[in-house]
**Student:** 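This structure is in structure tokens; I'll ask about it shortly.
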2 protein chains.
Amino acid sequence: MSSDVQNTPEAPADRPPSARERILDAAGPLFYREGFRAVGVDRVIAEAGVAKATFYNHFPSKDDLIVAWIERAEGFSAAALPPDDGPTPLTAYVAAMLDVARAERCLGCTFQNTAAEFSARDHPAHAAALAVKRRVIAELERRAVLQALPEPKAVAQRLFLLLEGVWAAVRMFGPDAPLDTARDAARRLIG
Amino acid sequence: MSSDVQNTPEAPADRPPSARERILDAAGPLFYREGFRAVGVDRVIAEAGVAKATFYNHFPSKDDLIVAWIERAEGFSAAALPPDDGPTPLTAYVAAMLDVARAERCLGCTFQNTAAEFSARDHPAHAAALAVKRRVIAELERRAVLQALPEPKAVAQRLFLLLEGVWAAVRMFGPDAPLDTARDAARRLIG
DNA sequence: CAAACTACAGACAGGTCTGTCTATATGTCA
DNA sequence: TGACATATAGACAGACCTGTCTGTAGTTTG
């Protein structure tokens, strides 16, 4: 999935990043930190050092850039997943997510923010974020099966809700988010 | 709390709502359904049937309207809380929230959406939403104490994370949100 | 060399946004 | 009746938004 935007993780070579990559590199943090509607195309192209015509040559509209960024963000998070070949791959997944959430730079989940900002579920950006979340649930369930847990579907769903709450709390509270009990809560939900 | 915006729940009398109330009545659903930045002042005043000068007479700026709406929304949700004099006031609280979340019209939590749309924590709207969430945690803890649970602080925090996840999931998935296991998860977190 | 592609800078159009302003009407109270 | 507060309608300014367009430069490819 989203292999097209992750096509050069192992082959950065030595040539400079393409205009398209520079645009995405510039847009990502801006969108993540300030929101999609708050950041205009002009800011993105200024940050990327790219001409406006170049931007619209690569992305027919701002919405296309947003969707491309969402897919790229999924690629990033997928690349940061812990291995699933240990004895407790689901527990490892949850622990890794909690570490990410507790990091200083974390501002919550960009997919949640997308859904909040584009409330219509048929908006391309919302739909893309929703698809990501479905795959998260599927991954949780897959790891629950690997971990030989009974009722893997239910376990995955419970943990999904908890993790969503963790992201929301980080967005709301920042570094002071009340996450002390998150690990304990996850243990109780795994059963 | 927020008694100033809830000053007429028992005394609607028979006089028509004031201009300020009509503005808030019109703005609330628009903000909730479409987002704060997506709804302009012109839309609000058209929906409220109010002149622009009247609007800016009651609210010095759009941000002031947003904060007023957040406080009013807290008043609404506080008024819908289940009584706390039963044997399990915390369990009742969680059950009531889950019922709200499962309702057809529910689009998630407006305070979460506020934090997502105004990422800066010192923005008045974000700060107001954050204050609401702090009070939610306090209320959960208060009910945990009433329910004579050990470690009420930890229980409140765990349940808070779960409920935040429920709101986020509703915003993301809509009526298809994966909430089947939410009640079971809450039971496990209460202990 | 020539053609094709891609990048650059930046003006521009058309629309929307917040917030201010003028001017008028209505209702209340002294 | 006269003064005042509050309502109305709507034009307006200034900023910002997305997306298009003109024109130029450099680089790759046949």
Side-chain angles (χ1 to χ4, degrees), chain A residues 4-5 7-8 13-28 30-31 33-70 113-114 117-120 123-126 128, chain B residues 7-8 13-28 30-31 33-70 113-114 117-120 123-126 128:
Chain A
D4 48 334
V5 296
N7 53 356
T8 53
D14 44 7
R15 69 179 166 206
S18 71
R20 189 177 198 275
E21 280 173 289
R22 270 184 299 153
I23 292 169
L24 283 166
D25 287 343
L30 291 175
F31 285 158
R33 286 200 294 257
E34 306 186 32
F36 298 104
R37 284 195 157 98
V39 174
V41 169
D42 283 339
R43 281 250 322 278
V44 172
I45 69 170
E47 194 87 8
V50 152
K52 207 161 194 179
T54 304
F55 174 90
Y56 279 102
N57 189 32
H58 286 285
F59 303 97
S61 75
K62 185 186 175 185
D63 277 355
D64 291 276
L65 170 64
I66 293 172
V67 171
W69 148 248
I70 290 170
N113 297 338
T114 305
E117 208 157 357
F118 303 103
S119 57
H123 187 287
H126 189 127
Chain B
N7 54 355
T8 52
D14 44 7
R15 69 180 167 206
S18 70
R20 188 177 197 276
E21 280 173 290
R22 270 187 297 154
I23 292 168
L24 283 167
D25 286 343
L30 292 174
F31 284 157
R33 287 200 294 257
E34 306 186 32
F36 298 103
R37 285 196 157 97
V39 174
V41 169
D42 284 339
R43 281 256 315 282
V44 172
I45 69 170
E47 193 88 8
V50 151
K52 207 161 194 179
T54 304
F55 174 89
Y56 278 102
N57 188 34
H58 286 286
F59 302 98
S61 75
K62 185 187 175 185
D63 277 354
D64 290 275
L65 170 65
I66 292 171
V67 171
W69 148 249
I70 290 171
N113 296 338
T114 305
E117 208 157 356
F118 303 103
S119 56
H123 187 287
H126 188 127

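Keep in mind that what you see is a predicted model, and the values were worked out from it rather than measured. Residue numbers begin at 1 in each chain, while the letters A, B, ... track the order of the sequences.
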**Student:** Go through B:R22 and B:E47 one step at a time and tell me if the salt bridge (Lys or Arg N to Asp or Glu O under 4.0 Å) criterion holds.
**Tutor:** CA-CA 9 Å; B:R22 270 187 297 154; B:E47 193 88 8; over 6 Å; no
**Student:** Using a 4.0 Å heavy-atom cut-off across all strands, classify A:A19 as base, sugar-phosphate, or nothing.
**Tutor:** sugar-phosphate
**Student:** Any side-chain heavy atom of A:L65 within less than 4.5 Å of one from A:I23?
**Tutor:** yes
**Student:** Rounded to whole Å, how long is the line connecting atom CD1 of B:I45 with atom P of D:dA9?
**Tutor:** 9 Å
**Student:** Quick check on C:dT6: is either OP1 or OP2 less than 4.0 Å from any side-chain nitrogen or oxygen of A:N57?
**Tutor:** no
**Student:** Decide, yes or no, whether a salt bridge links B:R37 with A:E117 under the criterion of side-chain N to carboxylate O below 4.0 Å.
**Tutor:** no
**Student:** Going by atom types alone, do A:S61 and A:D64 pair a side-chain donor with an acceptor below 3.5 Å?
**Tutor:** yes
**Student:** Please round to the nearest 0.5 Å and tell me the distance separating atom CZ of A:F31 and atom CH2 of A:W69.
**Tutor:** 9.0 Å
**Student:** Between D:dA7, C:dA7, D:dT8, which nucleotide gets closest to the side-chain atoms of B:H58?
**Tutor:** D:dA7
**Student:** Set out, in order, the CA-CA distance, both residues' side-chain angles and the distance that settles side chain to side chain contact (heavy atoms under 4.5 Å, CB included) for A:D63 and A:H123, then state yes or no.
**Tutor:** CA-CA 9 Å; A:D63 277 355; A:H123 187 287; 3.5 Å; yes
**Student:** Given C:dT6, is OP1 or OP2 found less than 4.0 Å from the side-chain N or O atoms of A:T54?
**Tutor:** no
**Student:** How does protein reach along nucleotides 11-27 of chain D, written 5' to 3' as B (base within reach of a heavy atom under 4.0 Å), S (only sugar-phosphate), or - (no contact)?
**Tutor:** -------BBBB------
**Student:** Over how many whole Å does the gap from B:L65 atom CG to C:dC17 atom C1' extend?
**Tutor:** 15 Å
**Student:** Figure out the CZ/P separation between B:F59 and C:dT20, and round it to whole Å.
**Tutor:** 15 Å
